[in-house]
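Protein chains get the first letters and strands the later ones, always in sequence-line order, with residue 1 at the start of each. Since the model is a prediction, treat every value here as computed from it, not as a measurement.
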Protein chains: 2
Amino acid sequence: MGTGGFNIPGEALDSAGPAPAGGIDPAESEARFTITDLSREYAVTPRTLRFYEDEGLIHPTRRGTTRLYSRADRARLAWILRGRSVGFSLADIRDLLDMYAPGPARRPQIEATLAKSRERITALNEQRAALDATIAELEQFCSTVEAQLLRPNP
Amino acid sequence: MGTGGFNIPGEALDSAGPAPAGGIDPAESEARFTITDLSREYAVTPRTLRFYEDEGLIHPTRRGTTRLYSRADRARLAWILRGRSVGFSLADIRDLLDMYAPGPARRPQIEATLAKSRERITALNEQRAALDATIAELEQFCSTVEAQLLRPNP
DNA sequence: CCTCACCTTTACGTTCACGTCAATATTCTG
DNA sequence: CAGAATATTGACGTGAACGTAAAGGTGAGG
């Protein structure tokens, strides 16, 4: 697979994906989106996409000065937004995305990456526990209130 | 159950709890903590606690000018911090805590509260899905990297 | 009584993640 | 090809959640 990069289920996160199944169209079959296309699809503003680019989270190509987003960029954005939704900072996300990039890393580098990933997983599991507890409490609250509503005077 | 307030498992969130089991000590058996006690226990700064008070999230009593936190306050803080850890804003948290307070609310008010709670639960479940997906991906990433590390040249 | 440690309020500073003009290209469409 | 729609780069503003001095009160111990 490509240069040995690890990829995300469903959609490649690295830069170039080959033509879709049924390989017609030699060079430019890659679907490309404008900034408003993408911003509408993911319910963010163009400003947000430019900001993410400034922060090094995403790297659209250009036609002239206009940004063009590939499918990989679109997948990357999805990843970013999901990361954001679970509480990652943009710096966190950039680091994580960089980890996915198959740079020719030396072994100690890779091991450090691995360690950091495992730490992250631990933290996320703790967060999951907090989330479950919060959900449980809110549900308990809801059913108690509901019961209260149905009893005394209808 | 005091005045009919709903409370959180484990520790009462409303203001006054009666003396612990074994009812000795008529009036002041309530354990009270100073601001640094609490901040150390929960690994936040005193500044944070004062800020939360300014924002109406917690209401310690005073001895003179010095803040005194009860066990209920401590439980409240725990709730706040867990809410924060799952991504609630302080305003969110204040609203949720207010919901727990058994104010003499009218029926439509209560129903609105219920609806909001259910919305929150829905959002939290979505967040849970995102969290699970992120964890799964990170774990996949880790095992792939690990396998890569063990194969070619030891 | 005096110091020391800890408490207080007031108030301005900071970081993050964008929002909001403004002024200017550029690109699509009739 | 003209006009409308959309894009771009600055640059400054904003809200949330605290941090960080500055300038004091207060009480227990030596």
Given C:dC18, D:dC18, C:dC28, which nucleotide is nearest the side-chain atoms of B:Thr48?
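Given the options C:dC18, D:dC18, C:dC28, the side chain of B:Thr48 is closest to D:dC18.
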Which listed nucleotide (D:dC18, C:dC28, C:dC18) is nearest to the side chain of A:Arg84?
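Selected nucleotide: C:dC18.
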Using atom [atom1] of [X] as one end and atom [atom2] of [N] as the other, report the distance to the nearest whole Å.
| X | N | atom1 | atom2 | result |
| --- | --- | --- | --- | --- |
| A:Arg32 | C:dT27 | CZ | P | 16 Å |
| A:Arg94 | C:dA17 | CZ | P | 9 Å |
| A:Leu49 | C:dC18 | CG | P | 10 Å |
| B:Leu90 | D:dC18 | CG | C1' | 9 Å |
| B:Phe51 | C:dT14 | CZ | C1' | 13 Å |
| B:Leu77 | D:dC18 | CG | P | 11 Å |
| A:Arg63 | D:dT6 | CZ | P | 15 Å |
| B:Glu53 | D:dC18 | CD | P | 15 Å |

Nearest heavy atoms of A:Arg118 and B:Glu146, plus distance in Å
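Result for this residue pair: NH2-OE2, 3.1 Å.
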For B:Thr61 and B:Arg32, does a side-chain donor sit closer than 3.5 Å to a side-chain acceptor?
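There is such a pair between these side chains.
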Strictly by modelled atom types, are A:Thr122 and A:Asn125 linked by a side-chain donor-acceptor pair under 3.5 Å?
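A:Asn125 and A:Thr122 do not have a side-chain donor-acceptor pair below 3.5 Å.
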According to side chain to side chain donor-acceptor pair (under 3.5 Å), who are the partners of B:Thr34, at least two apart in sequence or on a separate chain?
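Partners of B:Thr34 under the side chain to side chain donor-acceptor pair (under 3.5 Å) test: B:Thr36.
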Only counting residues at least two apart or in another chain, list the ones meeting side chain to side chain donor-acceptor pair (under 3.5 Å) with A:Ser143.
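Listed in chain order: nothing, the list is empty.
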Report the distance from atom CD1 of A:Ile93 to atom CD1 of A:Ile80, rounding to the nearest 0.5 Å.
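Output value for this atom pair is 6.5 Å.
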If you measure from CD on B:Gln140 to OG on A:Ser117, what distance do you get to the nearest 0.5 Å?
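Answer for the CD-OG pair, B:Gln140 versus A:Ser117, is 12.5 Å.
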Side-chain N or O of B:Tyr52 versus OP1/OP2 of D:dA17: is the shortest distance under 4.0 Å?
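False: B:Tyr52 side-chain N/O out of range (4.0 Å or more) of D:dA17 OP1/OP2.
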Between protein and nucleic acid, restricted to nucleotides 5-13 of chain C and to nitrogen or oxygen atoms under 3.5 Å apart, what atom pairs and distances do you find?
from  : atom 1 : to      : atom 2 : distance (Å)
C:dC7 : OP1    : B:Thr34 : OG1    : 2.8
C:dC7 : OP1    : B:Thr36 : OG1    : 2.6
C:dC7 : OP2    : B:Thr36 : OG1    : 3.4
C:dT8 : OP1    : B:Arg67 : N      : 2.8
C:dT8 : OP1    : B:Arg67 : NE     : 2.9
C:dT8 : OP2    : B:Arg50 : NE     : 3.2
C:dT8 : OP2    : B:Arg50 : NH2    : 2.9
C:dT9 : OP1    : B:Arg62 : NH1    : 3.2
C:dT9 : OP1    : B:Arg62 : NH2    : 3.3
C:dT9 : OP2    : B:Arg67 : NH2    : 2.0

